[in-house]
Undergrad: 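Quick one: the structure is below, questions incoming.
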Amino acid sequence: MAVRKGVRVSDRLGRPLQDLRVSVTDRCNFRCTYCMPRAVFGPDYPFFRSDEVLTFDEIVRIVRACARLGVRKVRLTGGEPLLRPGLEQLIAALRSVEGIDEVAMTTNGSMLDDRRARMLKAAGLDRVTISLDSLDDAVVRRLNDAPVSVRQILAAVAAALAAGLTPVKVNMVVIRGINEHEVVPLAEQFRGTGVIVRFIEYMDVGHSNGWRREDVVAAAEILDHISARWPLEPMPPRYPGEVASRYRYLDGAGEIGVIASVTQPFCQGCTRARLTADGQLYTCLFGTAGLSLRSLLRQGASEDELVSLIRETWSARADRYSELRAAGANGLEDGRYERSRRVEMPRIGG
Ligand code: SAM
Ligand code: SF4
Ligand code: SF4
C-alpha cells in the first residue's frame with residue numbers, strides 16, 4: 001500500500017523497520033515468575049501512573065509515523081493488554097492507519113471469552129497469540145502465579161478460534177525442571193486443531209527474573225522431545241525476519257514453532273521496534289534506554305518531527321544482544337545492555 005510521504009529506513013546492519021510491538025499497559029493480573037515475579041512486582045512496585053501511560057491518540061500518532069517509515073504490522077502486548085479499558089477503540093484506530101496491514105495481540109487469555117473475542121474481531125483485530133505454559137493447574141499456579149485454571153485458558157483459545165482471530169498461536173515458555181515435561185502434552189493438545197504452538201526459550205529479559213543459562217531448555221532439545229513422538233520436518237519462513245522457526249508434522253497434523261533466541265539468535269533478521277506503555281521507543285528487547293516519544297508528543301511535536309527522530313534512531317541502530325550473548329562476547333555489561341538497567345518485560349512487552 002502506498003504511504004503518504006513514505007520513506008523506508010534501514011539500520012546500520014541493513015535491517016529495515018517493519019514491525020512494532022506496543023505495550024499498552026505495564027500492569028498484569030498474573031505474576032509469571034519469568035516475567036513479573038511477585039517478590040519484585042508487589043504492592044509497592046512503581047507501575048506507571050495513568051498520566052504517564054500513552055493515550056490511544058498518542059499511540060496512533062506514533063504508529064502513523066512508524067507506518068511512514070515501513071512498519072506494516074503492529075502487535076499489542078503488555079503487561080496484559082486486555083486490562084486496558086476500551087482496547088477495541090485503539091484496534092479500530094490502528095487498523096485504519098494507512099500502511100498498517102495487520103494488528104495482532106499477545107494475551108494471557110484470562111479475560112478472553114467468546115463475547116470479547118467477537119468484539120475484538122469486529123474492531124479489526126486480525127489474530128491473537130495466547131500464552132499457556134502447562135496443561136497442569138498446579139504448574140500454572142506455580143509458574144504463572146495466577147488466579148486461573150488451564151480450562152479457562154483453553155476456553156480462550158477456543159473463543160479466539162471461533163471468532164476467526166486466526167491463525168491462533170499458543171506461546172509456551174519452557175523452563176528446565178519446571179515445565180519441560182509439558183512440552184509433549186502441549187503439542188498433543190493442539191495437534192490437528194489448526195492452533196500453532198510456539199515453544200520459547202527462556203530469556204534473560206529485564207533484571208528481576210533470576211535467569212540462569214542452565215534453566216534454558218534449548219530449542220533443539222524441545223524438537224527432539226516432540227519429533228521422537230511425531231516426526232517433524234522444517235518449513236520455510238513465512239516472511240524474512242520471522243522469529244519462530246517453523247516445523248510441520250509429517251502426518252499432516254499441522255505445524256509448530258520454536259523461538260530459539262538464546263541458542264540460535266536471529267538478530268540478523270530483527271526488524272522490530274518496541275514501544276513501552278509510557279512511550280519510550282526501544283530498538284532491542286534487551287535495551288537500557290529508549291527514545292522518549294511521549295515527551296516529544298506532549299511538547300507538541302509534529303508527525304514529520306516524529307518521523308525524522310524515529311528514522312534517526314533506527315538508522316543508528318546496531319543492536320544484536322542475543323548474538324553477543326551466544327558468542328559469550330565481552331561488553332554485554334556495557335551501558336547498552338547492562339543487566340541491572342535493562343527495561344523490564346511488562347514495560348516493553350516481549
Ligand atoms: N501478558 C501477555 C501474555 O503473557 O501473553 C502479553 C505480554 S508477555 C510479556 C508476552 C510474551 O512474552 C508471553 O508469551 C510470555 O510468555 C513471553 N515472555 C515473558 N517473559 C519471558 C521470558 N523471560 N522469556 C521468554 N518469554 C517470555
Ligand atoms: Fe503478565 Fe504476560 Fe508477564 Fe505473565 S508473561 S506476568 S501474563 S505480562
Ligand atoms: Fe532483536 Fe535485540 Fe532480540 Fe537481537 S536481541 S533479536 S536485536 S530484540
Side-chain angles (χ1 to χ4, degrees), residues 1-26 53-79 81 84 87 89-106 123-127 239-243 267 269-287 289-319 343 347-350:
M1 187 187 291
V3 179
R4 186 172 51 93
K5 292 180 276 177
V7 260
R8 305 304 285 253
V9 56
S10 289
D11 69 10
R12 278 162 54 197
L13 302 179
R15 299 167 297 187
L17 171 60
Q18 284 176 346
D19 320 287
L20 181 69
R21 295 181 83 110
V22 179
S23 170
V24 293
T25 175
D26 60 339
V53 172
L54 291 183
T55 64
F56 287 167
D57 181 52
E58 288 168 334
I59 294 173
V60 172
R61 290 174 63 195
I62 292 169
V63 169
R64 219 181 273 133
C66 289
R68 281 176 50 190
L69 291 167
V71 165
R72 295 291 166 265
K73 290 202 297 188
V74 175
R75 175 169 294 274
L76 302 177
T77 173
R84 182 87 189 248
L87 197 68
Q89 289 164 40
L90 175 65
I91 291 167
L94 293 176
R95 214 50 190 85
S96 64
V97 170
E98 195 179 348
I100 297 301
D101 297 335
E102 184 177 278
V103 178
M105 178 176 67
T106 305
L125 188 68
D126 291 286
R127 52 195 187 79
Y239 51 88
E242 187 171 15
V243 297
C267 298
C270 181
T271 55
R272 186 168 289 176
R274 295 171 155 91
L275 184 64
T276 60
D278 70 333
Q280 313 268 332
L281 190 79
Y282 278 78
T283 56
C284 180
L285 183 54
F286 299 90
L291 169 69
S292 180
L293 293 176
R294 185 191 67 199
S295 48
L296 287 168
L297 281 169
R298 293 187 186 174
Q299 285 156 19
S302 68
E303 190 177 301
D304 284 347
E305 282 167 325
L306 284 183
V307 168
S308 109
L309 272 158
I310 297 169
R311 182 171 49 205
E312 223 172 84
T313 301
W314 191 265
S315 308
R317 174 186 193 239
D319 292 303
V343 60
R347 292 192 165 176
I348 196 169

Undergrad: Less than 4.5 Å apart, side chain to side chain, heavy atoms only: is that true for Leu296 and Glu305?
TA: no

Undergrad: For Gly269, does its backbone N or O pair with a side-chain atom of Arg15 as donor and acceptor, under 3.5 Å?
TA: no

Undergrad: Identify the residue among Val97, Leu90, Val63 that makes a side chain to side chain contact (heavy atoms under 4.5 Å, CB included) with Val74.
TA: Val63

Undergrad: So, does Arg347 use its side chain to make a donor-acceptor pair with the main chain of Gly79 at under 3.5 Å?
TA: no

Undergrad: Does Asp19 offer a backbone N or O that forms a donor-acceptor pair with the side chain of Arg75 under 3.5 Å?
TA: no

Undergrad: At their closest point, which heavy atom of Val24 faces which heavy atom of Ala277, and how far apart are they?
TA: C-CB, 4.1 Å

Undergrad: Minimum heavy-atom separation for Ile91 and Ala123, please, with both atom names.
TA: CG2-O, 3.7 Å

Undergrad: Does the distance from a Lys or Arg side-chain N to an Asp or Glu carboxylate O, for Arg311 and Asp304, drop under 4.0 Å?
TA: no

Undergrad: Would you please say whether a donor-acceptor pair under 3.5 Å links the side chains of Asp57 and Thr55?
TA: no

Undergrad: Determine the minimum heavy-atom distance between Leu76 and Pro81, stating which atoms define it.
TA: O-CG, 4.2 Å

Undergrad: Looking only at heavy atoms, which two atoms of Pro16 and Thr271 are closest? And how far apart?
TA: O-CB, 3.2 Å

Undergrad: If every non-hydrogen atom of Ile59 is compared with every non-hydrogen atom of Leu94, which pair is closest and at what distance?
TA: CG2-CD2, 4.4 Å

Undergrad: Is there a donor-acceptor pair under 3.5 Å between the side chain of Ser23 and the backbone N or O of Gly349?
TA: no

Undergrad: Nearest 0.5 angstrom please: Cys66 SG to Lys73 NZ, how far?
TA: 15.0 Å

Undergrad: Is the side chain of Arg274 donor-acceptor paired with the backbone N or O of Gly350 at a distance under 3.5 Å, no angle test?
TA: yes

Undergrad: Between Trp314 and Asp11, which heavy-atom pair has the shortest distance, and what is it?
TA: O-CB, 3.0 Å

